[in-house]
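Computed from a predicted model, the values in this text were never measured in an experiment. Each chain gets a letter, A, B and so on, in the order the sequences are listed, and its residues count up from 1.
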Amino acid sequence: MLRGLAGPAVAHSLLTEPCWLGFAARCEARCGRGSHIMTWIDKALDGCPPQVVINDSKTPSGRAHVGSLRGVLIHDALARVARERGLDTTFMYGCDDMDAVDEIPHGTGKQFVEHLGKPLWAAPAPEGLRGDSMAEAYFGEFTGKWFGAADSQVGDTPGPFDALGVQAEFYRMSDVYRSGRLDDVIDTFLQAAADVRQIYLRLSGAERSDDWLPFQPICERCGRIGTTYATDYDGETVAYECRPDLVDWASGCGHRGRISPFGGNGKLPWKLEWAAKWKLFGISIEGAGKDHMAASGSHEVSSALARHVLQCPVPVAVPYEFFTLGGAKMSSSRGIGMNSSGLVEMLPPQLLRYLVLRTQPRRSINFDLDVPSLTKAFVEYERLWRSAAGSDASESQRQLFDVAQAEEGAPIPIVPTVDARFDSVLSLTQQPHMSLFGHVRSIHGDVSEADADWLACKETTAEEFIRVRPDLAGMFRMLNVSEAAEQRSMLDERQHRFLARLAQRLTELSPWEARDIQDAIFDAARDVGIDPKTDAPVVFEAIYGVLFGSQTGPRAGSLLAFLGKRETLTRLG
RNA sequence: GCGCCUCUAGCUCAAUUUGGCAGAGCAACGGACUCUUAAUCCGCAGGUUCUGGGUUCAAGUCCCAGGGGGCGUACCA
């Protein structure tokens with residue numbers, strides 16, 4: 001598309017995308033040549049008017065899993081770069097609390113059966129979660145934003161959004177409906193019900209009967225919104241029936257009545273609501289998960305509704321793929337996958353932002369939460385850090401590093417000089433006798449504040465990792481004396497002789513130091529005719545067996561050094 | 001059916017957004033180390049970038065066609 005010099009692209013942009021020019025000029029001023037960056041962020045913003053309204057939203061029907069973070073971070077990165085370009089930028093984040101409870105949230109009991117079909121704001125909060133409704137509880141947990149005045153605690157709490165440095169203007173759809181701001185759009189859609197049916201039919205082959213209206217009233221008798229069928233709009237009210245069999249996940253009460261569709265008495269179906277938000281808020285850019293972006297999917301239908309019924313422009317779409325953890329498909333309703341607050345607590349915010357934002361949205365991200373992947377992530381982030389701080393950084397590298405920082409607009413932090421691989425930090429952290437900082441000082445001398453801070457980030461990550469995945473971290477529980485005796489009985493003759501000989505050597509050992517202990521292990525092995533070169537496992541399985549009931553463990557020398565002479569000799573028998 | 005993603009060293013993947021000498025980690029191989037572990041150090045190799053066309057001074061990267069794999073989606077938001 002862009003070939004040779006930038007001439008044709010500039011000419012094209014002049015015609016269609018005015019804000020591109022300002023940016024190109026600034027970029028040229030900054031790097032002193034005609035090159036410009038054109039990342040997915042730039043491309044999305046190039047289609048925007050100078051007044052940028054970015055919107056994202058979440059249906060709070062369960063605990064948010066890490067996949068939900070991708071949309072948030074994509075929108076946040078767009079908002080940051082837009083602001084950086086000097087554009088008038090708004091980042092809105094909505095709580096879709098008018099949506100119906102359409103399944104029982106994972107981890108909650110049968111008591112939610114009676115609430116199926118009600119709006120999320122009308123269902124109670126699950127046990128143990130803060131908030132006065134299901135919507136409040138899950139949205140608050142994810143964002144740290146608490147709307148509810150009835151809640152005993154006051155104000156917002158630091159949540160994942162705060163940790164990640166995401167600043168958005170929050171709104172609730174229930175408030176928007178109640179305020180009457182959507183009444184005009186609702187009226188338009190109801191008047192144009194035939195067109196809406198036509199669009200549904202044409203795009204997704206969905207056939208609706210002639211009396212169907214695109215509106216879901218809240219049943220005045222049972223309070224459900226997912227079970228009502230509306231007909232006969234007279235400009236003031238709609239007729240509706242709360243049907244027992246409209247959907248198979250909830251059962252309506254059978255009530256019939258007439259009600260005004262305005263002022264929060266009900267909601268628009270999803271695809272119409274999406275288009276309605278575009279028009280009401282003047283949204284210029286909005287990403288969407290791939291599930292919405294399929295051909296004849298919800299985005300296409302919403303676009304057609306916006307263009308043909310509401311006569312409003314469709315925001316620039318940023319379709320994004322899923323973000324999976326360990327290759328597992330995540331589902332908040334089934335409780336699969338780590339919830340987002342867990343990952344946010346574990347990783348330094350800039351690392352998580354980096355991991356998510358370095359991949360262009362259309363490509364899927366799979367992050368394995370294991371030692372090699374974490375180690376690699378830190379190494380790659382540090383490489384970008386060094387390069388961003390140096391003079392050889394490309395514009396796109398700079399942009400990526402900037403949007404990865406938790407604090408917007410912060411200067412580039414001092415690059416750490418202590419080279420501490422995450423797997424080494426993890427290894428040190430899991431051995432209580434070792435102090436990470438003590439160890440680093442013994443090698444590097446005093447460390448700078450910048451190094452100490454970054455090291456502390458890694459240590460926190462290591463501690464969380466050990467807590468969450470002790471199996472992968474290689475944590476070992478020390479056996480008690482009787483368990484150790486039991487393990488000892490399972491060893492073979494050679495191993496018994498080895499342990500006896502080792503005890504003998506260690507008794508004589510002074511001073512009690514890791515390196516000498518390790519040597520003693522090898523010497524003891526040779527003493528009893530075991531060649532450590534070929535039969536090392538025989539030796540170490542004996543040691544780890546009586547200590548942990550395991551075949552492997554932390555480096556034996558330093559471990560025994562920590563255990564102390566008396567304790568070690570007791571355990572070896 | 002339709003849409004999106006993907007195919008690169010034995011394996012897992014970078015480099016595809018910005019076309020510019022195809023790169024890491026692990027495994028293998030050679031060597032060092034009397035120190036086991038997903039965990040010592042040095043070194044050496046490793047490629048028709050799925051296939052076929054096209055654009056270009058230049059293509060893993062862009063375009064067209066074909067093949068393999070994955071995911072999404074069809075009156076729920």
Side-chain angles (χ1 to χ4, degrees), chain A residues 1-4 6 9 35-44 57 59 61 96 98-103 120 173 197 200-201 203-209 212 214 216 225-226 246-250 267-274 289-301 319-322 324 327 329 358-364 366 368 370-373 375-376 379-380 383 394-397 399-400 421 423-424 426-427 472 474 514-523 525-526 531-533 535-541 543-544 550-558:
Chain A
M1 125 204 158
L2 184 63
R3 148 182 331 153
S35 72
H36 60 279
I37 55 174
M38 191 56 76
T39 61
W40 60 269
I41 298 177
D42 301 308
K43 281 193 173 168
S57 64
T59 302
S61 57
D96 291 331
M98 283 290 273
D99 294 2
V101 180
D102 62 0
E103 57 189 347
L120 288 160
M173 281 315 288
R197 286 194 293 264
Y200 266 80
L201 180 65
L203 288 181
S204 50
E207 207 159 338
R208 312 265 182 172
S209 63
W212 176 84
Q216 301 174 281
I225 195 172
L246 185 70
V247 291
D248 54 15
W249 40 270
K267 75 186 291 290
L268 292 164
W270 155 245
K271 293 168 196 178
L272 288 83
E273 185 177 285
W274 205 4
K290 74 179 295 190
D291 46 343
H292 301 303
M293 299 305 293
S296 72
S298 49
H299 190 269
E300 201 171 303
V301 173
Y320 56 89
E321 257 280 0
F322 296 144
T324 58
K329 259 185 295 179
R358 68 173 170 178
T359 306
Q360 29 187 334
R362 279 174 189 271
R363 299 180 62 161
S364 64
N366 179 47
D368 286 313
D370 57 21
V371 179
S373 301
T375 303
K376 194 174 167 193
V379 167
E380 285 167 352
R383 189 180 300 154
S394 70
E395 287 288 323
S396 60
Q397 283 176 317
Q399 185 188 66
L400 175 58
R421 284 169 53 100
D423 51 9
S424 307
L426 181 67
S427 170
L472 293 180
R515 195 188 165 87
D516 299 326
I517 295 169
Q518 191 83 14
D519 284 339
I521 292 170
F522 280 79
D523 290 338
R526 276 183 290 273
D531 180 1
K533 201 112 184 165
D535 285 338
V538 175
V539 169
F540 287 100
E541 281 167 22
I543 295 174
Y544 295 126
S550 157
Q551 298 198 331
T552 59
R555 183 173 274 270
S558 53

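As rounded to the nearest Å, B:rU8 and B:rG60 have P atoms that lie 15 Å from one another. Taking atom C1' on both B:rG46 and B:rC29, the two are 10 Å apart, rounded to the nearest angstrom. Using atom P as the reference point in both B:rG70 and B:rA59, the two lie 32 Å apart (nearest Å). Distance check on atom C1': B:rC5 versus B:rC13 gives 16 Å, rounded to whole Å. Nucleotides B:rA58 and B:rG67 have their P atoms positioned 29 Å apart, rounded to a whole Å. For the P atoms, the distance linking B:rA27 with B:rC11 amounts to 15 Å, nearest Å. Taking atom C1' in both B:rU49 and B:rC21, the straight-line distance is 15 Å, to the nearest Å. Comparing the P positions of B:rG52 and B:rA14 gives an interatomic distance of 24 Å, to the nearest angstrom.
Closest to the side chain of A:Ala295, out of B:rC2, B:rG70, B:rA77, is B:rC2. Side-chain proximity of A:Glu273 to B:rG70, B:rC76, B:rA77: nearest is B:rA77. Side-chain proximity of A:Ala206 to B:rU36, B:rU73, B:rC75: nearest is B:rC75. Residue A:Lys267 has its side chain nearest to B:rA77 when only B:rA77, B:rC75, B:rG70 are considered. Nearest nucleotide to the A:Lys290 side chain, out of B:rU17, B:rC4, B:rA77: B:rC4.
Checked by atom type, the side-chain pair A:Thr39/A:Gln399 shows a donor-acceptor distance below 3.5 Å.
A pairwise comparison of heavy atoms in A:Met293 and A:Pro319 identifies CG-CB, 3.6 Å as the closest pair. Closest non-hydrogen pair, A:Asp99 versus A:Glu273, comes out as OD1-OE2, 4.2 Å. Residue A:Leu272 comes nearest to A:Pro214 through the heavy atom pair CD2-CB, 3.4 Å, listed as atom of the first residue, atom of the second, then distance. Taking every heavy atom of both residues into account, A:Arg197 and A:Trp212 meet most closely at NH1-O, 2.7 Å. Closest approach of A:Val539 and A:Ala525 over heavy atoms only: CG2-CB, 3.6 Å. Residues A:Asp96 and A:Ser57 approach most closely at OD2-OG, 3.1 Å, considering heavy atoms.
Using a 4.0 Å heavy-atom criterion, one finds that A:Lys376 contacts the sugar-phosphate atoms exclusively. Backbone-only contact: A:Arg362 has heavy atoms under 4.0 Å from sugar-phosphate atoms and none from a base.
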Task: Dot-bracket summary - RNA chain B, pairs being Watson-Crick or G-U whose distances fall under 3.5 Å, with | when paired to another strand - done: (((((((..((((......[..))))..((((.......))))......(((((..]....))))))))))))....
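In this entry the distance linking CH2 of A:Trp270 with P of B:rU73 reads 13 Å, nearest Å. The nearest whole Å value for the distance from the CH2 atom in A:Trp274 to the C1' atom in B:rA77 is 11 Å. For A:Arg197 and B:rC75, the CZ to C1' distance is 13 Å, given to the nearest whole Å. Rounded to an integer number of Å, the gap from NZ of A:Lys43 to P of B:rU16 is 12 Å. Separating the CD atom of A:Glu103 from the C1' atom of B:rA77 is a distance of 11 Å, rounded to the nearest angstrom. One atom, OH of A:Tyr320, and another, C1' of B:rG3, lie 17 Å apart when rounded to the nearest Å. As rounded to whole Å, 17 Å separates atom P of B:rG23 from atom CD of A:Glu380. Atom NE2 of A:His292 is separated from atom P of B:rC76 by 16 Å (rounded to the nearest Å).
Both A:Arg383 and A:Phe322 sit near RNA chain B, but only A:Arg383 has its closest nucleotide nearer the 5' end. Along RNA chain B, the nucleotide closest to A:Asp291 and the one closest to A:Asp523 are compared, and the more 5′ of them pairs with A:Asp523.
Note on ring orientation: taking the six-membered ring where Trp is involved, the planes of A:His292 and A:Trp270 are tilted (angle from 30° to 60°).
Judged by a 6.0 Å distance limit and a 45° cone about the ring axis, A:Arg362 is not positioned over the six-membered ring of A:Tyr320.
For A:Arg363 against B:rU16, a side-chain-to-base donor-acceptor contact under 3.5 Å is present.
Look at A:Phe540 and the base of B:rU36; the rings stack, centres closer than 5.5 Å and planes less than 30° apart.
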